[in-house]
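For reference, the structure is listed below as structure tokens.
What you see below is based on every heavy atom in this structure, not just the backbone, and it leaves out hydrogens, waters and symmetry mates. On a predicted model such as this, the values are computed, not experimentally measured, just so you know.
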Amino acid sequence: MEQGEAAPPAAEEKGGEEEDDFGYRLFPDRNKKPQSFLVRSLFTFHNRCQLMLRMTLDTNPYAQLLLEAMKQSGCTVFNDRHFSCEDCDGCVSGGFDSATSQIVLCQNNIRHQSHMNRVVTHELIHAFDHCRAHVDWFKNVKHLACSEIRAANLSGDCTLMNELSRFKFGLKGHHQTCVRERAIRSILAVRKVSKETAEKAVDEVFDACFNDLEPFGRIPHSKTDAKRAYKDFQNRDRYNANL
């Protein structure tokens, strides 16, 4: 899940007294009856979200690589079917609904194109993981932790410029620290578990999941890196087709 700039409060375990809603409280429009196209078209947030989404899918190399990789894995993504612009809780920017295989884009919280690029990439990594592996999103917190680590690592969430914009500075190992912290925050936003439980899950799978760079083959620290990764991916597909 992609979070906004403000961290949501940690949801502590309550001994089974409160049923886990698996984060759906953050996306209230998920339970509403779909609005007609005419009604939705009247809302500026929705129109802006749709335009920014189209720009991301058409021009962003991170998203283009992931879309191609999912297609190669048998999970073709369709704009109208697999993306939904909705109003969300104020602490999140997007999410992946595995029950419907839909990416939710928080139209009230995504205000600029670079943010949309990052959110779409982050959630497409979750979708890619859902496509290629048997991810138990709801019952196995380690599975969730692994995908959150990969999303933070590969989506550009932790690039130097993004970290500087958050007034976070560091030298050696800062990228890994950022990935770990953002993965923990994302788990706490959507699961009623203690911070200790989230930290333990992330720590136990961190090395393996941090080093799982599919489908990029590298950590794309910039659009230039992402373009190179996309070109390498296309060349890899052509090479494999000739074997």
Practice task
Give a yes or no answer on whether the side chain of Asn108 reaches the backbone of Cys88 with a donor-acceptor pair at less than 3.5 Å.
Solution key: yes
Problem - Close side-chain approach of Asp212 to Arg150, heavy-atom, < 4.5 Å - result: yes
Problem - Donor-acceptor under 3.5 Å (His143 side chain, Asp136 main chain) - result: yes
Handout entry: Chi angles and distances behind the side-chain hydrogen bond (donor to acceptor under 3.5 Å, both in side chains) call for Gln64, Glu68
Key = CA-CA 6 Å; Gln64 290 175 326; Glu68 183 66 25; over 6 Å; no
Practice task
Check step by step if side-chain hydrogen bond (donor to acceptor under 3.5 Å, both in side chains) holds for Gln107 and His46.
Solution key: CA-CA 6 Å; Gln107 60 194 18; His46 189 81; 3.1 Å; yes
Practice task
Show the numbers, then the answer: is there a side-chain hydrogen bond (donor to acceptor under 3.5 Å, both in side chains) between Asp97 and Thr100?
Solution key: CA-CA 6 Å; Asp97 186 350; Thr100 60; 3.3 Å; yes
Problem - Closest non-hydrogen atom pair between Leu105 and Cys49, with its separation - result: CB-SG, 4.0 Å
Problem - Passing candidate, side chain to side chain contact (heavy atoms under 4.5 Å, CB included) with Cys209, options Asn211, Asp207, Val205 - result: Val205
Practice task
Indicate yes or no for a side-chain donor-acceptor contact from Tyr62 to the backbone of Pro220 under 3.5 Å, with no hydrogens or angles considered.
Solution key: yes
Problem - Arg218/Asp225 ion pair, N-O < 4.0 Å - result: no
Handout entry: Arg118 to Gly156 - nearest heavy-atom pair and separation
Key = CD-O, 3.8 Å
Handout entry: Plane angle bin for Phe210 and Phe206 - parallel if under 30°, tilted between 30 and 60°, otherwise perpendicular
Key = parallel
Practice task
Locate the shortest heavy-atom distance separating Val202 from Ala183; write the atom from each residue and the value.
Solution key: CG2-CB, 4.2 Å
Problem - Distance-minimising heavy-atom pair for Ser147 and Trp137 - result: OG-CH2, 3.3 Å
Practice task
State whether the number of non-hydrogen atoms from other residues, nucleotides or ligands found under 6.0 Å of His134 atom NE2 is greater than 12.
Solution key: no
Problem - Residues Glu148, Arg182: salt bridge by 4.0 Å N-O rule - result: no
Practice task
List the steps, then state whether salt bridge (charged side-chain N to carboxylate O under 4.0 Å, His left out) holds for Asp203 with Arg180.
Solution key: CA-CA 8 Å; Asp203 289 342; Arg180 181 180 182 276; 2.8 Å; yes
Practice task
Please tell me if the side chains of Asp87 and Cys106 come closer than 4.5 Å, counting only heavy atoms from C-beta onward.
Solution key: no
Practice task
Mark yes or no for whether Gln50, through its side chain, and Cys85, through its backbone, hold a donor-acceptor pair below 3.5 Å.
Solution key: no
Practice task
Determine whether the aromatic ring centres of His126 and His122 lie less than 6.0 Å apart.
Solution key: yes
Exercise for the section: Please work out whether the ring planes of His221 and His175 are parallel, tilted or perpendicular, with thresholds of 30° and 60°. Expected result: perpendicular
Handout entry: Whether Thr197 side chain and Val193 backbone form a donor-acceptor pair below 3.5 Å
Key = no
Exercise for the section: Grab the two heavy atoms, one from Ile110 and one from His115, that are nearest each other, plus how far apart they are. Expected result: CA-ND1, 3.8 Å
